[in-house]
Asks: 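Sharing a structure with you now.
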Amino acid sequence: MAKKIALTGIKPTGTPHIGNYFGMYKPAIELAKEYDTRYFIADYHGLNSMKDPEKIRELTYEAAAIWLAMGLNPKESILYKQSAVQGTFELAIFLSAFTSKGLMNRAHSYKARVQENLEFGKDPDDGVNMGLFTYPVLMAADILQFDSDVVPVGKDQKQHLEMTIDIAQSINHNYKKELLKIPKALIQESTGYITGLDGRKMSKSYNNTIPLFLPEKKLRKLIMKIVTNSQTLEEIKDPKTCSIFSLYKLFANKHQIAELESKYLTGGMGWGYAKQELFEVMNDTLSPIRDEYSRLIENKDYIDQVLKDGAERASIIVSEKMNFIRKEIGLE
Ligand code: TRP
């Protein structure tokens, strides 16, 4: 039986942090064992907010190198750049004919922007381009072009997935057949919350992230900055409410976790010690990925080749799908 298809995209935005690692990359790589996976770099989505060609080019290389450094096998999975598969954009135009403007008005990202403009006394659509407004349509095309079964995404993308399903259903309803496969969102609930340096959720907007590829010394320095309470060395400490411990659990094995936990509960352990332990397990996990990333980013020809191969394989699938759709809808 053919494997099911999983697809996800990521905008080329640079500097992933360990929240992205657990929330996105790691589960996506795991998924590749079970599913036929198609992962892409959403460069046309990135263009909505990023207009510097050199920057887009560089961030796209970085995004590809990250996937590969994480262990994605580009022969088994398809890794490609969104812009390199022309059929996606034709599909997006088709989907547009079935997407009400009202649906787009309700998109969280667009609504948040309008709200912000109003608060600052600006025109509601200030700074909103059509790429941003129709973002969910292009995203639906990314997904529907492959007959994707599942789409692993963060909670923030849930509404976009619902919109994809909405659009696909209204098309299937109109043509009275399953022209488009209805996908399912695969939301990473369990790892949805990674603690940041200040104890709040790790997020770029809180400026409390631990970047994935920090050199060793910088990583250590950053970990030493994790905010703790003012308990003394002797005092018994609560692992459950501690940011250091919650990060430690992500990287350490069961045995290590139990050992550190008992140090918390016995007392006599200072925060400096706990931080050093955290640094060590983190560095053990991250240093091979970091080394591989540095090797890949110096090897752009290889990345070009991987992306070209991925785009070719993706294009074949998508153009077949578009040929089918064009006939079904009366364009041919
Ligand atoms: N919107 C996603 C994000 O901002 C990126 C993305 C674009 C995507 N197209 C997609 C994700 C298709 C999943 C499926 O992170």
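Because the structure is a prediction, the values reported are computed rather than measured. Both backbone and side-chain heavy atoms feed into the values below; hydrogens, waters and symmetry mates do not. Counting convention: from 1, in listed order, for ligands and their atoms alike.
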Asks: Sub-3.5 Å donor-acceptor pair from the side chain of Asp149 to the main-chain atoms of Lys184, do we have one?
Replies: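 The answer is no, because no donor-acceptor pair under 3.5 Å joins these two groups.
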Asks: Got a second to check how far Asn299's CG is from Tyr61's OH, nearest 0.5 Å?
Replies: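 Rounded to the nearest 0.5 Å, the CG-OH separation comes out at 10.5 Å.
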Asks: A quick test of your reading: do over 12 heavy atoms of other residues, nucleotides or ligands sit less than 6.0 Å from NZ of Lys300?
Replies: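 Atom NZ in Lys300 is packed in, count exceeds 12.
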Asks: Look at the side chain of Glu298 and the backbone N and O of Arg295, then say whether any donor-acceptor pair between them is shorter than 3.5 Å.
Replies: no
Asks: Is the shortest side-chain N to carboxylate O distance from Glu30 to Lys33 below 4.0 Å?
Replies: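 The answer is yes: the pair qualifies as a salt bridge.
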Asks: Salt-bridged, Glu162 to Lys158, with N to O below 4.0 Å?
Replies: yes
Asks: For ligand 1, run through the N/O pairs with the protein that fall under 3.5 Å and put one pair on each line.
Replies:
from	atom 1	to	atom 2	distance (Å)
ligand 1	1 (N)	Tyr135	OH	2.6
ligand 1	1 (N)	Gln157	OE1	2.9
ligand 1	4 (O)	Tyr135	OH	3.1
ligand 1	4 (O)	Gln157	NE2	3.3
ligand 1	9 (N)	Asp142	OD2	2.8

